[in-house]
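Here the structure comes first, spelled out in structure tokens, and everything after it is commentary.
Side-chain atoms are counted along with the backbone in the values below, which use heavy atoms only and exclude waters and symmetry mates. Chain naming here is simple, since letters A, B, ... match the order of the sequence lines and numbering starts at 1 in each.
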Amino acid sequence: MKYWLMKTEPETYSFDDLKGEKNQSAHWDGVRNYQARNLMRDEMKLGDQVLFYHSNCKIPGVVGVAEVSRESYPDFTSWDKDSNYFDPKSSEENPRWFMIDVKWKKAFHRIVSLKELRDVSELEGMKLLQRGQRLSVQPVTEAEFNTVCELGFHDEK
DNA sequence: GCCAACGTTGGC
DNA sequence: GCCAACGTTGGC
């Protein structure tokens, strides 16, 4: 099993939004970055665990755990002319973009903020914390995943 | 809202 | 294939 971190802007789509979906599961459309696409298309497998990260908000940080509930398939918003994510170079015959489904699993007891993550020495190597790191889908190690979860399920800071 | 750090695009 | 210009991300 592999471990991932996925970013989203809560004003656009939040962890609670995911929880409110039918089956608490949703397709992760709109990723238009080749590195992130390749990870989703080639690496993310059913049951992989996902740290759910809220970005571009008051307190950026990890808010809970989700898991991969469907493996890679074409992102159909890429050939929908009315979609914000429309890409004229993508078609049904030759899709350029791919997505997966994620399923809500468990909310942390408290948000584990970016600020707090930076203070944990075990997490120094975490991709999220590297300078200039902007990938919206990124791998995390099992140790990093477990460390973040321990923080999130621990009521006190 | 600012802006640093990226990724992408397109002329050459 | 280089690289300047432009667009985007995302913390602050």
Below 3.5 Å is the cut-off: list the nitrogen or oxygen pairs between protein and nucleotides 6-8 of chain C, distance only.
residue, atom, partner, partner atom, Å
dT8(C), O2, R134(A), NH1, 2.9

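The closest side-chain heavy-atom distance from M6(A) to I100(A) is below 4.5 Å.
Where R96(A) and Q133(A) meet DNA chain B, the nucleotide closest to each residue was compared, and Q133(A) sits on the side nearer the 5' end.
Here ring-ring contact (aromatic ring centres under 6.0 Å, His included) pairs that include residues 128-152 of chain A, with residues two or more places apart or in two chains, are Y3(A)-F145(A).
At the phosphate of dT9(C), neither OP1 nor OP2 sits under 4.0 Å from any side-chain N or O atom of K7(A).
For the side-chain hydrogen bond (donor to acceptor under 3.5 Å, both in side chains) test, residues two or more places apart in sequence or in another chain that qualify with W97(A) are D87(A). Q130(A) meets the side-chain contact (heavy atoms from CB on, under 4.5 Å) test with Q133(A); sequence neighbours excluded.
Between F153(A) and F108(A), the gap from one ring centroid to the other is short of 6.0 Å.
The CG atom of D82(A) sits 12.0 Å away from the OG1 atom of T77(A) when rounded to the nearest 0.5 Å.
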Determine all donor-acceptor pairs shorter than 3.5 Å in which one atom belongs to a side chain in residues 44-54 of chain A; sequence neighbours excluded.
residue, atom, partner, partner atom, Å
D48(A), OD1, K2(A), N, 3.1
D48(A), OD2, W4(A), NE1, 2.9
D48(A), OD2, K45(A), N, 2.9
Q49(A), OE1, K105(A), NZ, 2.7
Q49(A), NE2, G47(A), O, 2.8
Q49(A), NE2, E67(A), OE1, 3.2
H54(A), NE2, F15(A), N, 3.1

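At a non-hydrogen distance threshold of 4.0 Å, Y53(A), S55(A), N56(A), P60(A) from residues 51-64 of chain A come into contact with DNA chain C.
Other residues, nucleotides and ligands contribute at most 12 non-hydrogen atoms within 6.0 Å of the CD1 atom of I59(A).
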